[in-house]
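Every chain is numbered from 1, with letters handed out A, B, ... down the list of sequences.
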Protein chains: 2
Amino acid sequence: MKKEINPDTSSLKLTTARKAILEILHHSKHPLSYEDIKNSLLMDKATFYRNIAKFEEEGLIDSFESSDKKRYFELRKSPHAHFICKVCQKIECMNLPCTFEMEAYTIENVIIKGKCPHCR
Amino acid sequence: MKKEINPDTSSLKLTTARKAILEILHHSKHPLSYEDIKNSLLMDKATFYRNIAKFEEEGLIDSFESSDKKRYFELRKSPHAHFICKVCQKIECMNLPCTFEMEAYTIENVIIKGKCPHCR
DNA sequence: GACTTAATTGCGACTGAGTTGCACAAAATT
DNA sequence: AATTTTGTGCAACTCAGTCGCAATTAAGTC
Ligand SMILES: [Mn+2]
Ligand SMILES: [Mn+2]
Ligand SMILES: [Zn+2]
Ligand SMILES: [Zn+2]
């Protein structure tokens with residue numbers, strides 16, 4: 001029997017490396033960078049980034065760049081904005097709907113930067 | 001007579017390099033990266049980035065990172081969000097107020113990513 | 001104007017997150 | 001089992017941005 005991550009749409013094999021990445025993202029309350037998790041990973045960083053790219057193509061995860069020049073990854077869930085503190089760099093998932101009146105645009109990602117309650 | 005960029009708060013000398021950067025930013029309708037303007041600049045890129053850092057300390061300009069891993073700069077004006085198209089990478093200043101209910105947070109920057117009217 | 005000095009600059013070397021080429025390994029297909 | 005496709009480790013690479021340092025320049029004082 002073929003083991004796949006998303007049998008309906010995907011042709012990705014469910015490898016040890018992929019399971020490890022998805023497992024870690026699954027257990028995190030906020031987006032993570034490669035730096036954040038490299039010590040928990042046995043795979044090479046090229047493998048990590050290549051799998052991240054595949055996951056993103058499949059719509060399994062989302063990512064964005066922070067002000068620290070790193071990319072942050074999380075499993076795709078219901079759309080929500082992210083807050084990045086410019087002082088402590090902490091990233092938080094914000095569960096406010098924040099609708100914009102931008103008819104002609106497709107919004108995929110909202111990032112709010114500023115100072116968190118601790119840092120201001 | 002002392003020539004300063006912002007006589008009240010700044011100790012920055014008004015050099016040719018600084019005038020050139022501010023002049024270019026002043027005439028742009030949207031944020032620019034170093035890449036965007038390097039051909040119009042005579043200064044070294046180290047000089048450019050060092051001056052950008054000073055301007056930012058002084059609150060003269062704002063910046064943010066796009067998905068293309070470049071930083072974009074613009075003169076500080078009335079607060080507004082930016083839209084970045086994930087397909088064509090075009091950056092637009094959005095003049096919608098978009099208020100969030102985030103009492104304890106200080107919002108300095110809002111970036112919306114998605115697909116622009118042309119690309120979706 | 002000429003003199004002084006701290007701020008600014010150009011240059012080249014460096015950094016570090018992310019990417020790529022390639023040969024080898026593991027699945028899947030026949 | 002042989003072939004084809006997909007995934008992996010390793011090392012080399014890319015490229016926006018940074019840094020150390022010696023040379024230059026803006027601005028204050030005479
Ligand atoms: Mn989130
Ligand atoms: Mn703007
Ligand atoms: Zn903070
Ligand atoms: Zn577009």
Side-chain angles (χ1 to χ4, degrees), chain A residues 1-7 9-23 25 31-58 60-74 84 86 89 91, chain B residues 1-24 31-58 60-73 84 86 89 91:
Chain A
M1 177 205 168
K2 202 167 69 164
K3 293 209 172 173
E4 282 174 351
I5 284 173
N6 184 353
T9 60
S10 167
S11 61
L12 295 187
K13 294 177 194 171
L14 188 53
T15 63
T16 314
R18 288 178 182 156
K19 268 186 262 190
I21 298 172
L22 293 174
E23 192 66 14
L25 293 183
L32 299 170
S33 69
Y34 172 67
E35 183 75 15
D36 289 335
I37 58 181
K38 64 175 177 187
N39 294 330
S40 323
L41 294 175
L42 297 173
M43 76 199 72
D44 189 75
K45 69 174 170 174
T47 302
F48 174 83
Y49 282 115
R50 280 188 283 231
N51 282 327
I52 285 288
K54 295 275 189 184
F55 291 158
E56 229 168 344
E57 282 168 27
E58 299 284 330
L60 259 172
I61 68 169
D62 289 307
S63 78
F64 57 89
E65 344 277 310
S66 176
S67 343
D68 61 6
K69 281 160 208 138
K70 293 181 199 156
R71 261 174 82 208
Y72 285 79
F73 314 100
E74 72 178 350
I84 303 176
K86 284 185 176 177
Q89 300 294 334
I91 296 176
Chain B
M1 176 205 168
K2 198 166 73 163
K3 293 207 173 172
E4 284 174 350
I5 285 171
N6 183 352
D8 291 339
T9 60
S10 168
S11 61
L12 296 187
K13 292 180 189 172
L14 187 55
T15 63
T16 315
R18 288 179 181 153
K19 269 186 263 189
I21 298 172
L22 294 174
E23 190 68 15
I24 288 175
L32 299 170
S33 68
Y34 172 66
E35 183 75 17
D36 289 334
I37 58 181
K38 65 176 178 185
N39 293 330
S40 324
L41 295 174
L42 297 174
M43 76 200 70
D44 188 74
K45 71 174 169 173
T47 301
F48 174 82
Y49 283 115
R50 279 188 285 232
N51 282 328
I52 285 289
K54 295 274 189 185
F55 290 159
E56 226 166 346
E57 282 168 30
E58 299 284 330
L60 259 172
I61 68 169
D62 289 307
S63 78
F64 58 89
E65 344 277 312
S66 177
S67 344
D68 61 4
K69 281 160 208 138
K70 293 181 200 157
R71 262 174 81 209
Y72 284 79
F73 314 99
I84 303 177
K86 284 186 176 178
Q89 301 292 336
I91 296 176

Scan nucleotides 4-7 of chain C against the protein and return all N/O pairs shorter than 3.5 Å with their distances rounded to 0.1 Å.
| unit_1 | atom_1 | unit_2 | atom_2 | d |
| --- | --- | --- | --- | --- |
| C:dA7 | O4' | B:Lys13 | NZ | 3.3 |

task: Round to a whole Å and report the spacing from NZ of B:Lys38 to P of D:dG17.
output: 11 Å
statement: B:Asp36 and B:Leu32 have their tightest heavy-atom pair at OD2-CA, 3.5 Å
query: How close or far is atom P of C:dT8 from atom CD1 of B:Ile52, stated in whole angstroms?
result: 14 Å
Pairs meeting criterion side chain to side chain donor-acceptor pair (under 3.5 Å) with involvement of residues 42-56 of chain A, two or more places apart: A:Arg18-A:Asn51, A:Glu56-A:Ser63, A:Glu56-A:Arg71
message: So, using salt bridge (charged side-chain N to carboxylate O under 4.0 Å, His left out) as the criterion, who are the partners of A:Glu74 when residues are at least two apart?
response: A:Lys77
task: Please name the pair of heavy atoms, one in B:Ser66 and one in A:Glu65, separated by the smallest distance, quoted to 0.1 Å.
output: O-CG, 3.4 Å
- prompt: For A:Glu35 and A:Lys38, which heavy atoms make the closest approach, and how far apart are they?
  reply: OE1-NZ, 3.5 Å
field: Non-hydrogen atoms of A:Tyr72 and A:Ser33 that approach each other most closely
entry: CD2-N, 3.6 Å
query: At how many degrees, to 10°, do the end axes of the helix from C:dG1-D:dC30 to C:dT30-D:dA1 meet when each uses five pairs?
result: 30°
statement: Exactly one of A:Asp62, A:Ile91, A:Leu25, A:Ile61 clears side-chain contact (heavy atoms from CB on, under 4.5 Å) with A:Pro31, and that residue is A:Ile91
message: Can you give me the closest heavy-atom contact between B:Ala20 and B:Met43, atom names plus distance?
response: CB-CE, 4.1 Å
- request: Let me know the distance between CG of B:Asn51 and P of D:dT25, rounded to the nearest Å.
  value: 15 Å
message: So if I take residues 39-49 of chain A and measure heavy-atom distances to DNA chain D, which residues fall below 4.0 Å?
response: A:Met43, A:Asp44, A:Ala46, A:Thr47
query: Under 4.0 Å: is that the gap between some side-chain N or O of B:Thr15 and OP1 or OP2 of C:dT9?
result: yes
field: Whether B:Phe48 and B:Phe73 hold their rings parallel, tilted or perpendicular, with breakpoints at 30° and 60°
entry: perpendicular
Distance, nearest 0.5 Å, that separates CG of B:Leu22 from CZ of B:Phe55: 3.5 Å
- prompt: Roughly how far apart are B:Thr16 OG1 and B:Leu42 CG, rounded to 0.5 Å?
  reply: 9.5 Å
statement: Value for OH (A:Tyr34) from CD1 (A:Ile21), rounded to nearest 0.5 Å, stands at 10.0 Å
message: Is there, by distance only and without an angle test, a donor paired with an acceptor across the side chain of A:Arg50 and the base of C:dG18 below 3.5 Å?
response: no
statement: Here the residues of residues 64-74 of chain A within 4.0 Å heavy-atom distance, strictly under, of DNA chain C are A:Lys69, A:Lys70, A:Arg71
